[in-house]
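Notes follow once the structure below has been shown.
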There are 2 protein chains.
Amino acid sequence: MPLTVLLVDDEPLVRAGLRAVLEAQPDIEVVGEAADGAAVIPLVRRLRPDVVAMDVRMPLMDGIEATHAVLRSVPEPPKILVVTTFENDEYVYGALRAGADGFLLKRARPAEIVHAVRLVAEGDSLLFPAAVRRLAAEYGKDSGTTEARAAMERAALTGREADVLRLMARGLANAEIAERLMIGTETVKSHVSAVLAKLGARDRTQAVIAAYESGFVSPG
Amino acid sequence: MPLTVLLVDDEPLVRAGLRAVLEAQPDIEVVGEAADGAAVIPLVRRLRPDVVAMDVRMPLMDGIEATHAVLRSVPEPPKILVVTTFENDEYVYGALRAGADGFLLKRARPAEIVHAVRLVAEGDSLLFPAAVRRLAAEYGKDSGTTEARAAMERAALTGREADVLRLMARGLANAEIAERLMIGTETVKSHVSAVLAKLGARDRTQAVIAAYESGFVSPG
DNA sequence: TGACGGCTCCCCCGCGCGGGGGAGAAGGAA
DNA sequence: TTCCTTCTCCCCCGCGCGGGGGAGCCGTCA
């Protein structure tokens, strides 16, 4: 009996990616897809998947509400694996509180994705054990950084720009970044300018602030 | 090359149990044992284990301090798997903040124990990802890295310098800070220079990073 | 009374930063 | 193929930033 998975994401591309990765496994079967949280409940009722891989950010009904609904829709609800782009997504905490069983970063490697699906399917308590769940319950949330995070998403930095921003956020000067990345300082300047433009920042300090506020980098 | 594990627990019985469970695996080798956190560092230096299974509650030096010490003892520190009896152990949150990679309940089944060791060894980000780590930091209320916070305290900024740093951390230029504080730009420059000198920062970007890392300002 | 620290303001000076251009190479998509 | 993005590197130029000085005012404390 294969491990059945239901994919829920508003982006077809992401669904296709997940499907490709998961179907490559002989014992995993993607039994359905949904583009929005509102469409999930009937699908869960009919397909009874073992795992629901759910995006947190979706139109109409987001992953938090959908998680809530799914868990109350059937007597033996599927495991919920929350899919997100940013580690410090406020929505993740919300989903956790709603009863999600695990979460997964979109930039995870294929092996990690498969791994995560198997883990939640097994009901592995290492993912979101009660202790962590309690943490989330007591977490005050609503920090107002949603704007910053949205801005960071809209920015759509390229890989190299992200590299540069990470090093900027560690206090490195252009020449130091160039040395670290083994490229010329003029190249670094180009990337820095691109980052500033995309983030709407006037100087590197504002860019670094945006990086912190959006959770692109985290203190500690 | 087997997966090497170092056991740290004040109870010999627990160590024996873990050893029995882990040694039953052909690819896992228990390379050493310690009865207290204080004894861990030299062992880690000598044995270079892949994973340290560490009890949080121990005499002399507890698992939190020990985790801290281990992570600073060698350039490529082992993964720390925190072992605890209770799920809601406050010490677990402390260990998490100290940089532990995963945790394990003593009442876990043998298969789960082996599973957990393998997971942390693989560096699986599903255990304690940054989001959960941040959650723990939030929960503990004391934000910021301990070192960074200590540095900020040592800096002993004057009231005005603190004002200026706060505005710097909001991305304001010197002229804007001057306007906001109703003082001259030259005055602001004086304060900025003082802040940089006290924080050991080379430029305002590094100062702002220090402000975030120390919890002087918080995202959101 | 003097000494000290904090806040305020001023000067000069070097330089890294950021804007505005342009341009070639590589690789994927249409 | 052509088109586009990404990454790479180059030029010039203005300017804000930060360092190094100095200085006056006003409190507190010895």
Quick one: side chains of residues 179-191 of chain B, donor-acceptor pairs under 3.5 Å with protein atoms, not counting sequence neighbours, listed by atom name and distance.
{"residue": "Ser190(B)", "atom": "OG", "partner": "Glu186(B)", "partner atom": "O", "Å": "3.2"}

Spacing of [atom1] belonging to [X] relative to [atom2] belonging to [Y], to within rounding of 0.5 Å:
{"X": "Leu71(B)", "Y": "Glu76(B)", "atom1": "CG", "atom2": "CD", "answer": "13.0 Å"}
{"X": "Thr67(B)", "Y": "Arg72(B)", "atom1": "OG1", "atom2": "CZ", "answer": "10.5 Å"}
{"X": "Leu196(B)", "Y": "Leu165(B)", "atom1": "CG", "atom2": "CG", "answer": "9.0 Å"}
{"X": "Arg204(A)", "Y": "Leu167(A)", "atom1": "CZ", "atom2": "CG", "answer": "10.0 Å"}
{"X": "Leu199(B)", "Y": "Ile209(B)", "atom1": "CG", "atom2": "CD1", "answer": "11.5 Å"}
{"X": "Leu3(B)", "Y": "Leu22(B)", "atom1": "CG", "atom2": "CG", "answer": "9.0 Å"}

Between the protein and nucleotides 21-30 of chain D, which nitrogen or oxygen pairs are less than 3.5 angstrom apart?
none

Near-strand residues of residues 175-186 of chain A, defined as heavy-atom separation under 4.0 angstrom from DNA chain C
none
Just to be sure I understand the geometry, which residues of residues 191-211 of chain B put a non-hydrogen atom under 4.0 Å away from DNA chain C?
His191(B)
Shortest non-hydrogen separation from [X] to [Y] and the atoms involved:
{"X": "Leu7(A)", "Y": "Arg19(A)", "result": "CD1-N, 3.8 Å"}
{"X": "Val164(A)", "Y": "Ile177(A)", "result": "O-CD1, 4.1 Å"}
{"X": "Gly171(B)", "Y": "Arg202(A)", "result": "O-NH2, 3.1 Å"}
{"X": "Ala207(A)", "Y": "Met168(A)", "result": "CB-CE, 3.9 Å"}

Could you pull out all residues at least two apart from Gln206(A) that satisfy side-chain hydrogen bond (donor to acceptor under 3.5 Å, both in side chains)?
none
Arg48(B): partners by side-chain hydrogen bond (donor to acceptor under 3.5 Å, both in side chains), with sequence neighbours left out
none
Residues within residues 158-171 of chain B bordering DNA chain D, heavy-atom distance below 4.0 Å
none
Report the residues that fulfil side-chain contact (heavy atoms from CB on, under 4.5 Å) with Arg45(A), sequence neighbours left out, ordered by chain and then residue number.
Ile41(A), Ser73(A), Val74(A)
Sorted by chain and residue number, the side-chain contact (heavy atoms from CB on, under 4.5 Å) partners of Arg46(A) (sequence neighbours excluded) come out as Leu43(A)
Note the angle between the end axes of the helix from dT1(C)-dA30(D) to dA30(C)-dT1(D), five pairs defining each, rounded to 10 degrees.
40°
Can you give one letter per nucleotide of nucleotides 25-30 of chain C, going 5' to 3': B for a protein heavy atom under 4.0 Å from the base, S for sugar-phosphate only, - for none?
------
Look at the side-chain N and O atoms of Asn174(A) and state whether any lies under 4.0 Å from the OP1 or OP2 oxygen of dC17(C).
yes
Looking at Thr187(A), does any N or O in its side chain come under 4.0 Å of the phosphate oxygens OP1/OP2 on dC7(D)?
no
For Thr4(B), is there any backbone N or O sitting under 3.5 Å from a side-chain donor or acceptor partner on Asp50(B)?
yes
Whether Arg118(B) side chain and Ile28(B) backbone form a donor-acceptor pair below 3.5 Å:
no
Want to settle it: does Ala156(B) or Leu172(A) sit nearer the 5' end of DNA chain C, counting the closest nucleotide to each?
Ala156(B)
Among residues two or more places apart or on two chains, list those pairs meeting salt bridge (charged side-chain N to carboxylate O under 4.0 Å, His left out) that have a residue in residues 158-174 of chain B.
Arg160(B)-Asp163(B), Glu161(B)-Lys198(B), Asp163(B)-Arg166(B)
